[in-house]
Chemist: 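Okay, handing you the structure first.
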Amino acid sequence: MLQAYLDIHAQALFSSLGRLARAPVTSLMTVSVLSIAISLAAGFYLLVANIQQLTGGLEDSNQISLFLKDQVTDDAGVKLAEKIKTFVHVQDAKVITKNQGLAEFREYSGFGDALKALDKNPLPTVIQVMPEHSLEEGPQLDELFKNLTDLQEVDFAQLDMQWVKRLYSIMELADRGVTLLSFILALAVLFITGNTIRLELHNRRDEVIIAKLVGATNRFIQRPFLYTGFWLGFSSGILAWIAVTVMLFILQQPIDRLSGLYDGVFSMRYLSFGEMMSLVAISSLLGVAAAWAVLCYQLRLTKPE
Amino acid sequence: MRNSLSTPYLPKINRIMLKFDHVSKRYPDAGDALLDVTFHLQRGEFAFLTGHSGAGKSTLLKLIAVMERCSRGQVLLDGQNLNTASDRQIPYIRRKLGLIFQDYKLLQDRTVFDNVALPLVVAGYSHFDIGRRVRAALDKVGLLGKEKKLPQTLSGGEQQRVGIARAVINKPPLILADEPTGNLDPELSSEIMKLFEDFQQVGVTVLIATHDIALVERMGHRVLQLDHGRLVAS
Ligand SMILES: Nc1ncnc2c1ncn2[C@@H]1O[C@H](COP(=O)(O)OP(=O)(O)OP(=O)(O)O)[C@@H](O)[C@H]1O
Ligand SMILES: [Mg+2]
């Protein structure tokens, strides 16, 4: 009896696959549309994940940069830094002299040659102030910031945390955007698969009715259609994964080159094995769910006579 | 401990296969198709259902196969009240019936074998049982060797015999045929009817709706005659 049960499942699984293969153009078109929707979602997910990875290292930098007035010499800058170190709530203060700044800029910006054309170093002396870790936010940090700004050598001060915060909120927005987009695309997948199953059911109406007349349960009739839904979702998931991977592969070289120019800080992130499995599982599940919903509704309407 | 003096358990066998009890069927916009129909069929009986076109023959058969439900009265199949049968029970009720149609209702894109096997596949029989029983049924209707053919490549009489093989494959206690010989010449009709008589010989109850008065009279079985939805002779 169990053997017979398994036989029926295996038969339904492969006969539904066979049916899809017998109408290759239609099936291919459906699967293409589905996989475009799925790879859009996966692509955006990866885009955001990659940017997040890039910004992940900025977590701790709630440092304050003090740009000193032009006439302040490097020596005076070093003295000022020593003085700032004694301030309450300051953990460390580091001087970047005009020359160091220029060297760094030359190295990282790629504008080194252009800078040679200048006869005078345009960069100011900078002091990077590290507040204590506990000083995340709030009035104490604000007060420190104000005190530092008020120093007479300081031209202007910049709280680096602010743009990190801004960046993080943008990322959060992007993250939510991806979730929302995935949701909408999942709905699209549901509707497309559902409609395909509905047409298939319509085409096989006679078969369904005859099966019902010889005593088929709804469960029996549903089975091959559920498998059709599964195959559609499964193959679209696989195809979407291939599409996303190929796209990343094409982008790999220019990104590597770009990354090389920026000290190799960025290496591209592909879908992990787990993510790939979830992608295929979710799309298969969507296919089955769509088929199931349509069948629940349509089979009650498909009665003999 | 079991009391050896108590009455032994006996499975309840309904001597009455089919019972119509004051059954009426009204279609929403076509009036009464059946009116106060009462009769019953014993197990193993052979009966014809006759009447003019539109008399309600097909409607009566559809009530038995739960393709329609009656408006008044009761239909009892093998003791089970079909009025109260739930949608879930319908497939199992239909497995007790062998249904035969004038238009055969075969799957045109499946082989003869697959068509005949369908009721067994649906009921979850094993591959081995299916093969054996399909060949036995095809042998019975004289179509052994045509398993691999498609229905379109067969004659009308052969297609009807495929339909009959499918109807009897899971050994139903009741065979219902709606004008099974409507498209066949008299000689083929007689052959098909002889097949039905063979099934009756092994205890199957047979009910056949037909227009063919000559055939009915020649065979001399019980006749249920409908006239405008009323049973006028039984
Ligand atoms: N689905 C339906 N909806 C509405 N009216 C119907 C339906 N089926 C049958 N009828 C009506 O019920 C009556 C009996 O029809 P039925 O098909 O049972 O007759 P019949 O005896 O089988 O006729 P025939 O010999 O032509 O097949 C007819 O008047 C018919 O118009
Ligand atoms: Mg009729």
Side-chain angles (χ1 to χ4, degrees), chain A residues 1-24 26-27 199-228 292-305, chain B residues 25 27 33 58-59 61-69 86-101 103-110 114-131 151 162-163 165-172 174 176 178:
Chain A
M1 202 57 210
L2 178 69
Q3 186 56 47
Y5 186 74
L6 293 179
D7 274 355
I8 285 176
H9 272 281
Q11 196 222 330
L13 184 68
F14 290 107
S15 78
S16 61
L17 183 61
R19 223 165 261 285
L20 287 175
R22 244 172 285 157
T26 321
S27 310
L199 286 175
E200 173 82 358
L201 193 63
H202 182 77
N203 288 341
R204 293 170 66 185
R205 196 171 183 273
D206 290 343
E207 202 177 329
V208 168
I209 286 176
I210 290 172
K212 279 196 165 193
L213 284 176
V214 300
T217 56
N218 274 352
R219 195 186 271 263
F220 178 89
I221 293 169
Q222 278 170 0
R223 213 170 283 140
F225 293 100
L226 289 178
Y227 281 119
T228 303
W292 186 75
V294 167
L295 288 164
C296 277
Y297 178 68
Q298 292 281 329
L299 273 189
R300 228 173 301 152
L301 301 181
T302 315
K303 284 201 165 137
E305 301 297 293
Chain B
K25 171 67 189 176
Y27 287 110
S58 299
T59 302
L61 296 184
K62 281 177 193 164
L63 290 180
I64 305 168
V66 213
M67 289 154 79
E68 297 284 355
R69 305 257 193 173
S86 69
D87 282 356
R88 273 172 179 281
Q89 290 173 312
I90 291 175
Y92 303 97
I93 292 168
R94 290 190 182 141
R95 289 179 197 180
K96 292 184 180 177
L97 306 173
L99 300 179
I100 293 153
F101 308 90
D103 59 359
Y104 323 132
K105 289 211 194 308
L106 301 177
L107 297 171
Q108 293 301 331
D109 57 346
R110 303 292 180 85
D114 286 352
N115 269 284
V116 175
L118 192 62
L120 299 181
V121 173
V122 153
Y125 281 77
S126 74
H127 265 309
F128 177 75
D129 280 347
I130 290 175
V162 174
R166 182 183 66 190
V168 301
I169 187 110
N170 55 359
K171 305 198 168 107
L174 176 60
L176 302 175
D178 196 355

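Naming convention: chains lettered A, B, ... in sequence-line order (proteins, then strands); numbering from 1 in each chain.
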Chemist: Only pairs of heavy atoms separated by less than 4.5 Å count here; which of B:N170, B:L106, B:V66, B:L107 has the most with chain A?
Modeler: B:L107
Chemist: Distance-only, no hydrogens or angles: does the B:R95 side chain make a donor-acceptor pair with backbone N or O of B:A123 under 3.5 Å?
Modeler: no
Chemist: side-chain contact (heavy atoms from CB on, under 4.5 Å) between B:L120 and B:I169: does it pass, once the steps are laid out?
Modeler: CA-CA 7 Å; B:L120 299 181; B:I169 187 110; 3.5 Å; yes
Chemist: Could you pull out all residues at least two apart from A:R204 that satisfy salt bridge (Lys or Arg N to Asp or Glu O under 4.0 Å)?
Modeler: A:E200, A:E207
Chemist: Quick one: what part of B:F101 sits under 4.5 Å from any heavy atom of chain A, side chain, backbone, both or neither?
Modeler: side chain
Chemist: Would you mind checking which part of B:R166 comes under 4.5 Å of any heavy atom in chain A, side chain (CB onward), backbone (N, CA, C, O), both or neither?
Modeler: side chain
Chemist: Taking atom types as modelled and ignoring hydrogens, do the side chains of A:T217 and B:Y92 form a donor-acceptor contact shorter than 3.5 angstrom?
Modeler: no
